[in-house]
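The shown structure was predicted, so the numbers you read here are calculated from the model rather than taken from an experiment. Along the sequence shown, residues carry numbers from 1.
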Amino acid sequence: MTQTTAARLEAIRLEMAKANLDAFIIPRADEYLGEYVPERNERMQWISNFTGSAGMVIVLKESAVIFVDGRYTVQVKQQVDGTLFEYLSLTDNPQIEWLSDKLKSDARVGYDSRLHPLSWQKSAESKLAKAQIQLVSVDENPIDLHWQNRPAASTSPVVLFDDKSAGKTSLQKRLEIGAAVAKAGADTALITSLDSFCWLLNIRGNDVPCLPIVLGTALLHANGDMELFTDLSKLPAGIDEHVGTGVTFSDEATLKTALNKLAGRKLLADPNSANAWSQLTAEQAGAQLIAGLDPVSLPKAQKNESELAGLRACHVRDGVAVSRFLAWLDREVSAGNFYDEGVLADKLETFRLEDELYREPSFDTISAVGGNAAMCHYNHNNGTPATMTNNSIYLVDSGAQYLDGTTDVTRTLAIGQVSDEQKKMVTLVLKGHIALDQARFPRGTTGQQLDAFARQYLWQHGFDYDHGTGHGVGHFLSVHEGPQRVAKNSNDVALLPGMVISNEPGYYRADEFGIRLENLVAVRPCEALAGAEREIFEFEALTMIPMDTRLIDKTLLSDAEINWFNDYHTQVFDTLSPFMQGEELDWLANATKAI
């Protein structure tokens, strides 16, 4: 018999009473602190039924609260019982401050130190202490104790990723990163980002939806030796030879023992991305923590020539698949056939599934019609998918994991006739996309410095958008890869050759329509500037998919922008046409003809 939500809350409160806790914090994150969470680790969903990608639940003795951001204000009321939970804003009601006001002094707040980064733990502990409230780490998560019929952990075997595709052997990578660990003044680095240790060992997996990684944690020593703590039953034959000398594999349950052996050693760890438990365990054992970025993140972001070759190749095949979908969609609309968002997302994947190197989506497809597209992270799976209507705009943001690379593309499409106002807004977004695509910039330039390139034309007309303009993308790894970003309030990470980022300005008018135009681009040296006094970089477009000319107001474009648009479409046609035929080739020729 399935437990009711009320029964689950009572079970948590029973454990709270045993531990003398006045509150217990349940984040959406799991122990790996990644963007994607395996079904087995969806603890916030278990306690609340909420399926959103961000949020927090706090259980008190007599009540419970769920905090969600603006994307989920409608969804949370559909999924979460309002008689059991109060709904509060994740951003307007900082949770620790809320607890400080809610609880009396001498109260005890429980948390699972595996589910929070060390930076959060330090901040929360300090803020609560000012209110004379104690933050208490639990030895066992009460949800794990009471989760009946908990989904099983993935048993998918580890995949050995070809050294040729990776461009370097694991040993080469480990020696290079190990030297960086030593340069940071550390003996060992704690590698908790799942894509980081998979990249280091040239392995992939299937433990998390949309992310081809293996669950586990690693310790990388300054001499390049490495210990991976994971499920040993998933290791394939030949892995020792594949990863090379200096790598040992241990059961994940032995990680605590290994951390306890770090007494007297200097441990490099990222307090913002590694969980508090691992760092506090090492520190309590006598290790000295050195706070720093994951030493793998920057080298991983700078794709080598083999990785870039794979990314270029998969973008050609992805361009064919998505273009075939767009051709199908135009034919169906012309025939008066209108489908719901879920059917459209599934149909798009059928074209990708024809590629033998395709593995899975790189994220849940955002298939959004009309006003739903105004929610920039909309997911049709969180409610009843809407059906497209004539004379509207359809936005589809999708991506794929191929064995040779990762893709992410957004196209905004006219369904029937669109208004002049909609064309104007699409064209302003396009102008920003072109400006960023054509940017040239000196070494040392950050994504924050480039962000305004994409927003300038919207700003001139009094508009803007609330998401970042670009994120990093991995090589058959995470579709949201750091550390580089393009955003208003980004970071100080400079863009470097080999980095792949998205170029995705947008515009969203609540309840009416949404617009986003996204390509992936790679940073490369600019060879065209003869006599440049500084090292200058530019972008190479990887995405090869037509943009909808029916949504463009040519009168708002300069001659240079018109030339860019036509040149891009010429490149798309020349790249994709050898792989298309019949009415699909005819569609491509029409979709890419000059404006």
Side-chain angles (χ1 to χ4, degrees), residues 161 163-169 172-173 175-177 179-180 183 193 195-196 199-200 202 293-316 404-409 433-454 468-487 490-504 518-544 564 568 571 575:
F161 190 62
D163 287 349
K164 186 176 179 182
S165 298
K168 287 182 180 178
T169 66
Q172 287 175 303
K173 293 178 180 180
L175 289 173
E176 289 175 16
I177 308 300
K183 190 175 181 181
S193 293
D195 58 338
S196 287
W199 181 86
L200 263 179
N202 286 347
L293 286 176
D294 174 352
V296 180
S297 61
L298 200 57
K300 173 168 56 67
Q302 291 179 258
K303 311 295 182 289
N304 59 46
E305 281 306 313
S306 296
E307 292 171 317
L308 287 170
L311 283 160
R312 292 185 187 106
C314 77
H315 272 88
V316 173
D404 52 352
T406 302
T407 70
D408 181 3
V409 57
H433 179 99
I434 295 171
L436 183 57
D437 178 273
Q438 292 291 280
R440 290 173 173 173
F441 49 95
R443 177 180 283 275
T445 302
T446 68
Q448 184 168 327
Q449 292 170 295
L450 294 180
D451 182 76
F453 281 53
T469 300
H471 56 82
V473 177
H475 176 236
F476 188 36
L477 276 174
S478 177
V479 75
H480 293 144
E481 179 183 82
Q484 76 278 14
R485 296 178 63 232
V486 180
S490 187
N491 52 37
D492 60 358
V493 176
L495 298 180
L496 294 166
M499 285 182 170
V500 173
I501 63 168
S502 63
N503 172 2
E504 50 178 311
E518 176 187 17
N519 283 354
L520 297 191
V521 296
V523 182
R524 67 183 180 191
C526 179
E527 307 290 354
L529 290 179
E533 295 181 348
R534 300 190 179 186
E535 192 175 8
I536 302 294
F537 301 145
E538 64 181 2
F539 293 121
E540 168 196 356
L542 298 176
T543 305
M544 291 288 130
W564 179 93
Y568 175 71
Q571 187 182 2
T575 301

Test side-chain contact (heavy atoms from CB on, under 4.5 Å), reference Phe539, set Asn519, Leu495, Val500, Asn503, output is Leu495
Start with the C-alpha gap between Met544 and His315, add the side-chain angles, then the distance that decides, and say whether side-chain contact (heavy atoms from CB on, under 4.5 Å) holds. CA-CA 7 Å; Met544 291 288 130; His315 272 88; 5.9 Å; no
Among all residues two or more places apart in sequence or in another chain, which pass the side-chain hydrogen bond (donor to acceptor under 3.5 Å, both in side chains) test with Gln438? none
Do Ile501 and Arg485 pass the side-chain contact (heavy atoms from CB on, under 4.5 Å) test, and can you show the C-alpha distance, the side-chain angles, and the key distance before you say yes or no? CA-CA 7 Å; Ile501 63 168; Arg485 296 178 63 232; over 6 Å; no
Test Phe161 against His475 for ring pair (Phe, Tyr, Trp, His ring centres under 6.0 Å), laying out the working first. CA-CA 11 Å; Phe161 190 62; His475 176 236; 5.6 Å; yes
If you take all heavy atoms of [X] and [Y], which pair is closest and at what distance?
X      : Y      : value
Lys173 : Ala166 : NZ-CB, 4.0 Å
Asn491 : Pro483 : ND2-O, 2.7 Å
Ala487 : Asp451 : CA-OD1, 3.4 Å
Ala439 : Leu450 : CB-CD2, 4.5 Å
Asn304 : Gly167 : ND2-CA, 3.7 Å
Trp564 : Ile434 : CE3-CG1, 3.3 Å

Report the C-alpha separation of Leu298 and Met499 in whole Å, then their side-chain angles, then the decisive distance to 0.1 Å, and conclude whether the side-chain contact (heavy atoms from CB on, under 4.5 Å) test is met. CA-CA 9 Å; Leu298 200 57; Met499 285 182 170; 3.6 Å; yes
When you measure from the side chain of [X] to the backbone N and O of [Y], does any donor-acceptor pair fall under 3.5 Å?
X      : Y      : answer
Thr543 : Leu520 : yes
His471 : Val479 : yes
Thr406 : Leu477 : yes
Thr446 : Asp492 : no
Gln448 : Ser490 : yes
Ser193 : Asp195 : no
Ser478 : Gly474 : no
Asp294 : Ser196 : no

Step-by-step side chain to side chain donor-acceptor pair (under 3.5 Å) determination, Trp199 to Glu481: CA-CA 12 Å; Trp199 181 86; Glu481 179 183 82; over 6 Å; no
For Arg440, check side-chain contact (heavy atoms from CB on, under 4.5 Å) against everything at least two apart and list the hits. Cys526, Ala528, Leu529, Ile536, Glu538
We want to know whether Asp163 and Asn202 form a side-chain donor-acceptor pair, criterion being a heavy-atom distance below 3.5 angstrom. yes
How many angstroms lie between atom CG of Leu308 and atom CG of Leu542, to the nearest 0.5 angstrom? 7.5 Å
Hey, does Asp404 have a side-chain heavy atom less than 4.5 Å from the side chain of Ser165? no
